[in-house]
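A short write-up of the structure that comes next.
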Amino acid sequence: MINFAKFEIIGRIGEIDAKPMVTNVSVCANYRRRGEGDEWIEDSYWNRVVIFSEGQRKYIEERVHVGDLVRVAGRLRDSSYERDGTTHYTTDRIVEEFGVLAPKSA
């Protein structure tokens, strides 16, 4: 039996940060929730994902733009690091699938 932790996000790209060995992308997902008086409120949440695959990084560099609607899926990995004597814990979203669903509206 295989155990795994996965994620899937459909949203719009807010930022692309390409570095020599990794590309970080922020993707905004919108949720609707009820506010006071039963009106619906859009609740936006920014998710930062990390891409290591050279092929996906090249695809993003050549074809993906801020504002594009994308589908991103992958695996979750918890990690930690020390800074100034304090341990910080993070959850990394490591991309395995990345595709543009629609380009940014003009």
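Numbers here simply count residues along the sequence, with the first being 1.
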Aromatic rings Tyr81 and His88: how do their planes relate, parallel, tilted or perpendicular, breaks at 30° and 60°?
-> parallel

Do any N or O atoms from the side chain of Asn47 and from the backbone of Tyr45 form a donor-acceptor pair under 3.5 angstrom?
-> yes

Check the hydrophobic clustering (I, L, V, M, F, W, Y; side-chain heavy atoms under 4.5 Å; chains of links allowed) and say if Leu76 and Val27 are grouped together.
-> yes

Heavy-atom closest pair, residues Gly35 and Ile41 | CA-CD1, 3.4 Å

Find out if a path of hydrophobic residues (ILVMFWY) with successive side-chain heavy-atom gaps under 4.5 Å connects Val22 to Ile94.
-> yes

Spacing of CH2 belonging to Trp40 relative to CZ belonging to Arg33, to within rounding of 0.5 Å | 10.5 Å

First locate atom CD1 of Ile13, then atom CG of Asp68, and finally report the distance between them rounded to the nearest 0.5 Å.
-> 5.5 Å

Between atom CD of Glu62 and atom CZ of Arg57, what is the distance when rounded to the nearest 0.5 Å?
-> 12.0 Å

Could you point out which residue of Val70, Val95, Ile51 forms a side-chain contact (heavy atoms from CB on, under 4.5 Å) with Val25?
-> Ile51

In terms of side-chain geometry, is the basic nitrogen of Lys58 or Glu61 positioned less than 4.0 Å from the acidic oxygen of its partner?
-> no

Residue set satisfying side-chain contact (heavy atoms from CB on, under 4.5 Å) with Ala18, at least two apart, ordered chain then number -> Thr23

Could you list all the salt bridge (charged side-chain N to carboxylate O under 4.0 Å, His left out) pairs where at least one residue sits in residues 2-17, not counting sequence neighbours?
-> Lys6-Glu96, Glu8-Arg71, Glu15-Arg48, Asp17-Lys19, Asp17-Arg48

Under a single-linkage definition using a 4.5 Å side-chain heavy-atom cutoff for Ile, Leu, Val, Met, Phe, Trp and Tyr, are Phe98 and Ile9 assigned to the same hydrophobic cluster?
-> yes

Cluster check Val100, Ile60: I/L/V/M/F/W/Y, side chain < 4.5 angstrom = yes

Would you say Arg63 has more than 12 foreign heavy atoms packed within less than 6.0 Å of its CZ?
-> no

CZ of Arg77 to CG of Asp92, rounded to nearest 0.5 Å, is 5.0 Å

Out of curiosity, Phe7 CZ to Arg75 CZ, how far, rounded to the nearest 0.5 Å?
-> 10.0 Å

Taking all non-hydrogen atoms of both residues into account, name the closest pair between Trp46 and Gly14 and its distance.
-> CZ3-CA, 3.4 Å

